[in-house]
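The structure that follows is given in the form of structure tokens.
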Amino acid sequence: MMRKRTLIFLGCFVCLAGISAVRERYRTIPNESFTTGEKIEYRVHYGFINAAEAKVEIAKHKFVVNNRPCYKVNVTARTVGAFDLISKVRDTWRSHIDTSAIITQLFYRSIQENSFRKEEVVTFNHAEQTATAKVRDVSKTFNVPENVQDIVSAYYYLRTINFDTSEIGEIFVIPIFFEDQVYRLRVRYAGRDQIRTKFGRIRVFKLNPLLPDNRLFKGENSIRIWVSDDENKIPVKAEADLWIGAIAMDIKGYKNLRTSPQWAE
């Protein structure tokens with residue numbers, strides 16, 4: 001009888017230890033850059049022509065997904081003016097980002113581009129290292145690496161990096177799950193600079209996402225991003241060289257940043 005009780009006790013201990021090990025899989029990322037209520041607006045232009053506008057908003061309250069507290073981030077984009085007549089876009093991307101680990105728990109996107117429509121929900125199980133993508137009534141489960149991100153959460157993870165200790169040329173690798181595949185996003189730190197914006201001159205860090213060969217962007221270094229050189233680290237400008245022309249995105253408004261911006265005038 002005593003032996004049975006001992007075995008039962010040991011079995012329970014092993015199970016609890018296993019649960020603890022799963023819980024310990026979650027990393028903890030210090031975050032002093034963003035919090036609830038943040039809202040940033042952008043203008044997208046093709047040359048001198050306004051092409052689109054975008055909003056990036058963190059909900060005012062935290063949400064619980066997979067028993068973890070999360071920031072809910074909405075990214076909306078729409079074409080404007082002449083571009084809206086040529087190619088109408090109404091896109092929504094939504095990410096529930098774990099507030100401690102800064103990884104995705106749930107991702108949603110609704111794509112409306114002319115007559116094309118697509119809605120997708122991706123649920124992440126980090127203990128099992130899987131992602132289940134659902135489009136309409138069809139679900140597929142994929143294996144994913146540890147600390148995998150979606151496109152939106154990867155941008156927030158970048159904002160937690162301390163670029164003050166980074167060397168020019170250093171490359172950060174972020175695993176991303178998108179369109180049923182895992183990609184290794186490589187972002188190169190390119191140093192400090194100052195750029196002119198509608199808010200005056202702003203001190204910035206320069207980042208270059210490195211792209212594989214593709215039919216849209218012109219070369220590995222075709223995208224450049226400038227993020228504010230302060231604790232907020234918000235993107236204030238981006239440029240992309242296309243095979244035909246180039247597009248740019250500039251900040252046009254912001255609210256409820258975590259820290260009052262210390263930008264140069």
Side-chain angles (χ1 to χ4, degrees), residues 22-29 31 34-36 38-40 52 54-78 89-161 172-187 209-212 214 216-217 223 225 235:
V22 169
R23 287 175 178 169
E24 289 174 358
R25 293 177 72 97
Y26 281 101
R27 65 188 182 185
T28 299
I29 298 292
N31 168 33
F34 56 86
T35 189
T36 53
E38 180 187 271
K39 179 179 179 180
I40 309 172
K55 296 179 183 179
V56 185
E57 304 173 82
I58 305 178
K60 294 180 180 180
H61 306 286
K62 295 177 183 176
F63 291 73
V64 176
V65 180
N66 295 338
N67 295 317
R68 301 278 296 183
C70 293
Y71 298 112
K72 184 175 81 170
V73 179
N74 270 5
V75 179
T76 55
R78 64 188 303 273
V89 172
R90 300 290 187 273
D91 289 354
T92 299
W93 307 63
R94 182 176 301 128
S95 180
H96 286 77
I97 303 171
D98 191 291
T99 59
S100 177
I102 314 297
I103 51 177
T104 314
Q105 294 290 353
L106 183 69
F107 176 67
Y108 165 84
R109 63 181 176 133
S110 171
I111 306 299
Q112 299 182 33
E113 298 175 1
N114 290 330
S115 60
F116 177 78
R117 300 285 188 275
K118 182 174 183 178
E119 286 198 19
E120 179 186 46
V121 177
V122 182
T123 305
F124 292 84
N125 184 330
H126 292 281
E128 300 293 335
Q129 290 186 228
T130 61
T132 300
K134 182 177 181 181
V135 178
R136 296 182 180 175
D137 295 326
V138 179
S139 295
K140 296 181 181 179
T141 299
F142 304 86
N143 294 324
V144 295
E146 192 174 21
N147 298 322
V148 70
Q149 306 280 1
D150 65 54
I151 289 178
V152 177
S153 66
Y155 145 72
Y156 281 91
Y157 170 71
L158 278 172
R159 290 177 62 182
T160 67
I161 294 175
F172 302 95
V173 181
I174 306 171
I176 293 179
F177 179 78
F178 181 68
E179 291 281 8
D180 299 349
Q181 293 189 52
V182 174
Y183 299 89
R184 288 168 55 84
L185 174 65
R186 300 166 65 238
V187 181
L210 303 177
L211 301 179
N214 61 85
L216 179 60
F217 296 103
I223 297 181
I225 302 173

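Because the structure is a prediction, the values reported are computed rather than measured.
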| query | Taking Asp91 for the side chain and Thr76 for the main chain, is one N or O donor matched with an acceptor at less than 3.5 Å? | reply | no

| field | Partner residues of Thr160 under the side-chain contact (heavy atoms from CB on, under 4.5 Å) criterion, sequence neighbours left out | value | Ile29, Asn31, Phe34, Ile102, Tyr157

| task | Kindly say whether Ala101 contributes a backbone atom to a donor-acceptor pair with the side chain of Arg27 at under 3.5 angstrom? | result | yes

| message | Side chains of Ser153 and Thr104: any donor to acceptor distance under 3.5 Å? | response |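 There is such a pair between these side chains.
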
| query | Backbone N or O of Val144 within a donor-acceptor pair of the Gln129 side chain at under 3.5 Å? | reply | yes

| field | Side chain proximity check, Val148 to His126, heavy atoms < 4.5 angstrom | value |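 A side-chain contact exists here, since the closest heavy-atom pair is under 4.5 Å.
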
| task | Identify, with sequence neighbours excluded, every residue that meets side-chain contact (heavy atoms from CB on, under 4.5 Å) alongside Leu106. | result |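 Leu106 satisfies side-chain contact (heavy atoms from CB on, under 4.5 Å) with Val65, His96, Val121, Thr123 once adjacent residues are dropped.
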
| said: Walk me through whether Val187 and Leu210 qualify under side chain to side chain contact (heavy atoms under 4.5 Å, CB included). | reply: CA-CA 6 Å; Val187 181; Leu210 303 177; over 6 Å; no

| Hey, does Cys70 have a side-chain heavy atom less than 4.5 Å from the side chain of Val64? |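 Val64 vs Cys70: side chains apart.
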
| request: Evaluate the side chain to side chain contact (heavy atoms under 4.5 Å, CB included) criterion for residues Lys62 and Thr99: first the C-alpha distance (whole Å), next the side-chain angles of each, then the deciding distance (0.1 Å), finally the verdict. | output: CA-CA 9 Å; Lys62 295 177 183 176; Thr99 59; 4.1 Å; yes

| query | Excluding sequence neighbours, so at least two apart, what forms ring pair (Phe, Tyr, Trp, His ring centres under 6.0 Å) with Phe172? | reply | Phe163

| task | Work out which heavy atom in Tyr183 is nearest to a heavy atom in Phe178; give both atom names and the distance. | result | CE1-O, 3.3 Å

| request: Can you sort out the partners of Tyr155 under ring pair (Phe, Tyr, Trp, His ring centres under 6.0 Å), two or more places apart, ordered by chain and number? | output: none

| field | salt bridge (Lys or Arg N to Asp or Glu O under 4.0 Å) contacts in which one or both residues fall within residues 141-154, not counting sequence neighbours | value | none

| message | I want to check something: taking the side chain as every heavy atom from C-beta on, are Tyr71 and Phe63 in contact at a cut-off of under 4.5 Å? | response |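 Heavy-atom side-chain distance check fails, nothing below 4.5 Å.
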
| Full working for side chain to side chain contact (heavy atoms under 4.5 Å, CB included) between Ile103 and Ile97 | CA-CA 5 Å; Ile103 51 177; Ile97 303 171; over 6 Å; no

| field | Enclosure of Asp180 CG (heavy-atom neighbours >12, cutoff 6.0 Å) | value | yes

| message | Restricting to side-chain contact (heavy atoms from CB on, under 4.5 Å), what partner residues turn up for Asn67, sequence neighbours left out? | response | none

| request: For residues 109-134, pull every pair meeting salt bridge (Lys or Arg N to Asp or Glu O under 4.0 Å), keeping only residues two or more places apart or in separate chains. | output: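 Those involving residues 109-134 are Arg109-Glu120, Arg109-Glu179, Lys118-Glu179.
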
| field | Gln105: side chain to side chain donor-acceptor pair (under 3.5 Å) partners, not counting sequence neighbours | value |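 For Gln105, the residues satisfying side chain to side chain donor-acceptor pair (under 3.5 Å) (neighbours in sequence not counted) are Tyr26, Asn66, Asp98.
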
| remark: Contacts of Phe142 meeting ring pair (Phe, Tyr, Trp, His ring centres under 6.0 Å) (sequence neighbours excluded), chain-then-number -> Phe177

| request: Determine yes or no for a side-chain-to-main-chain donor-acceptor pair under 3.5 angstrom, with Asn114 supplying the side chain and Phe116 the backbone. | output: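 Absent.
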
| query | With Arg94, which residues qualify under side chain to side chain donor-acceptor pair (under 3.5 Å), at least two apart? | reply |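 Expected list: Asn74.
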
| message | Suppose we screen for side chain to side chain donor-acceptor pair (under 3.5 Å). Which residues come up paired with Glu57, at least two apart in sequence or across chains? | response | none

| request: Indicate yes or no: at least one non-hydrogen side-chain atom of Ile176 is less than 4.5 angstrom from one of Ile151. | output: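 Yes - at least one pair of side-chain heavy atoms lies under 4.5 Å apart.
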
| Taking every non-hydrogen atom, the tightest pair across Thr36 and Ile58 |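 So the two residues come closest at CA-CG2, 3.8 Å.
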
| task | Could you list the residues that satisfy side chain to side chain donor-acceptor pair (under 3.5 Å) with Thr141, not counting sequence neighbours? | result |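 With neighbours one apart ignored, the set is Thr132.
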
| query | Do Arg68 and Ser100 have side chains that get closer than 4.5 Å, going by heavy atoms? | reply | yes

